[in-house]
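One-based numbering, in listed order, for ligands and for the atoms of each. None of these values were measured; they are calculated from a predicted model.
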Amino acid sequence: MSKFLANVFPEASAVPEKFNVSYVEQREYLINGELKHWPGALNKVSSPVHVKEGNQYSSKVIGATPLLTSIEALQALDAAVEAYNLGHGLWPTLSVSERIKHIEKFLSMMRLQREEVVKLLMWEIGKPLKDSEKEFDRTCDYIVDTIKALKELDRNSAKLVEEQGFMAQIRRVPLGVALCMGPFNYPLNETFSTLLPALIMGNTVVFKPAKYGVLLIRPLLKSFQESFPPGVINIIYGKGRDTVGALMETGKIDVFAFIGTNKGANDLKRLHPKPHRLKSILGLDAKNPGIVLPDADLDNAVSECITGSLSFNGQRCTALKILYVHTSIVDEFIKRFVAGVAKLKPGMPWDDGVQLTPLPEPGKTDYLRGLMENAQKHGAKVVNEHGGEILSSFFYPAVLYPVNEKMKVYHEEQFGPIVPIVPFEKDEEAIRYVVNSNFGQQVSIFGSDSKKIASYIDMFTNQVGRINVNTQCQRGPDTFPFNGRKDSAEGTLSVADALRVFSIRTLVATKSTDANKQIISTIIRNRESVFLSTDYIM
Ligand code: G3H
């Protein structure tokens with residue numbers, strides 16, 4: 001056992017009273033506006049926070065969730081299909097202003113659950129308190145911004161367009177039934193950044209919470225139930241292969257919003273019998289490189305690379321997962337990087353100022369140890385003190401140098417606290433890594449020569465979705481487009497883009513003759529149509 005870590009986690013069982021959780025046996029799930037009771041088998045929720053009993057650390061079991069089967073999953077789907085009712089249901093035909101009222105009600109009820117959800121974020125996925133609060137608040141802001149963006153979209157669509165002798169009105173309408181699934185690292189924010197836009201655009205939804213970070217949806221079940229008409233949002237639990245596979249096979253899913261691995265996405269997509277009818281919005285794997293050029297401001301590069309690679313223990317799809325550092329500065333870079341990593345505070349999620357916390361995935365520390373040993377076998381060293389030391393579910397960050405293409409960590413997305421550093425001499429070496437990679441989410445370039453930076457930018461514009469200059473990779477601000485190339489994503493998300501991906505433009509058009517103009521203006525004046533209307537929300 002690591003002595004250093006045993007000192008860091010001396011009294012793991014001493015949890016401050018206000019952060020304590022009691023065991024929750026969840027048996028409810030939401031179908032057709034009804035919170036149903038599940039009498040069957042349950043899935044144990046084990047916390048990444050391990051508690052000390054005697055000299056042993058063991059995972060604290062904080063609750064259990066329903067292990068539903070394909071039968072309940074299909075009931076949820078039936079409810080969503082019925083609520084959509086081939087586009088004639090109440091929800092898809094409701095006016096935008098009415099739909100917004102439902103979302104606002106949900107948001108105000110959700111805000112009341114902040115403390116509970118934040119606590120569960122810490123216990124279920126080990127996210128530090130500050131980051132858990134940020135995730136909750138960012139999600140609420142996202143919903144507020146989504147409402148604002150929809151009002152703007154609605155205002156712009158209220159105008160009639162005149163073009164080449166035609167007059168038309170173009171509006172965005174829903175696509176149908178959406179299946180929304182989020183990731184464990186942002187079980188609230190990432191999930192809701194597809195779920196809420198899907199709902200607000202008039203789709204009906206089956207939502208399956210992430211693998212970990214699942215109990216934290218429970219405090220919101222009532223808010224969902226009371227804010228939406230029956231069947232509009234249905235929430236199911238259980239193993240993916242038993243539940244969502246069956247949904248896909250029906251061919252009744254019209255939109256698939258999924259944040260996870262490209263393998264998972266492919267496996268599910270290919271179950272749909274009519275793939276051309278399935279629209280997918282996917283956030284997938286990534287291996288974003290940071291490239292540090294000889295003239296980079298080293299203090300800035302080091303600090304951005306540390307947060308970029310290690311915030312939330314490197315468990316962000318946008319994390320910097322490999323660093324290319326020019327040979328002329330690599331020694332100094334490593335010296336400062338390692339000193340910076342040593343300042344990161346390890347501990348429990350609720351500890352003041354904590355930055356490094358236990359990992360939620362069972363077996364993850366073994367996987368990371370395997371990556372580290374494989375790199376060592378091929379010539380890399382762990383260059384930071386305590387790097388790679390393990391205590392139960394905690395893995396102390398390992399900075400590996402020099403990394404080369406023979407090592408697994410050069411290719412695989414570690415999604416954890418390992419920082420591989422590759423020394424490079426010629427620009428082509430770093431460029432080749434990006435061009436040949438199967439991933440294409442983002443890249444960061446650190447340097448000060450504008451010409452050199454410009455040439456890197458132009459090399460990468462057709463490779464990745466975002467090029468960051470002297471800044472770590474990240475998703476935010478949420479109004480910026482968030483996407484990726486190759487195996488990293490399908491579709492683009494942002495506050496405004498999400499409204500587009502969950503809808504399709506439909507138009508009413510006619511030749512601008514006097515008779516047609518007369519009909520159109522009568523419909524509008526007498527408010528005879530919901531769609532063909534110049535009304536808009538302020
Ligand atoms: O895990 C992927 C997230 O979208 C990353 O978002 O860059 O704001 O941490 P972030």
- Audit row: K134, D137, salt bridge (charged side-chain N to carboxylate O under 4.0 Å, His left out) steps and yes/no: CA-CA 5 Å; K134 196 166 142 201; D137 297 338; over 6 Å; no
What does the contact table look like for ligand 1 (nitrogen or oxygen on each side, cut-off under 3.5 Å)?
residue: ligand 1; atom: 1 (O); partner: N185; partner atom: ND2; Å: 2.8
residue: ligand 1; atom: 1 (O); partner: C317; partner atom: N; Å: 2.7
residue: ligand 1; atom: 4 (O); partner: E190; partner atom: OE2; Å: 2.1
residue: ligand 1; atom: 7 (O); partner: R316; partner atom: NH2; Å: 3.1
residue: ligand 1; atom: 7 (O); partner: T318; partner atom: OG1; Å: 2.7
residue: ligand 1; atom: 7 (O); partner: R475; partner atom: N; Å: 2.7
residue: ligand 1; atom: 8 (O); partner: R138; partner atom: NH1; Å: 2.9
residue: ligand 1; atom: 8 (O); partner: R138; partner atom: NH2; Å: 3.1
residue: ligand 1; atom: 9 (O); partner: Y186; partner atom: OH; Å: 2.4
residue: ligand 1; atom: 9 (O); partner: R316; partner atom: NE; Å: 2.7
residue: ligand 1; atom: 9 (O); partner: R316; partner atom: NH2; Å: 3.4

- Aromatic plane relationship, F228 with F106 - under 30° parallel, 30 to 60° tilted, over 60° perpendicular: tilted
Run the side-chain donor-acceptor check on residues 238-247: report pairs under 3.5 Å with partners two or more places apart or on a different chain.
residue: T243; atom: OG1; partner: K239; partner atom: O; Å: 2.8

- Output field: ring centroids Y433/Y410 closer than 6.0 Å: yes
- Message: Between K130 and E133, does the salt bridge (charged side-chain N to carboxylate O under 4.0 Å, His left out) criterion hold? Intermediate values first, please.
- Response: CA-CA 5 Å; K130 283 272 157 297; E133 290 173 337; 3.6 Å; yes
- Message: Counting neighbours of CE on M109 that are heavy atoms of other residues, nucleotides or ligands and sit closer than 6.0 Å, is the number greater than 12?
- Response: yes
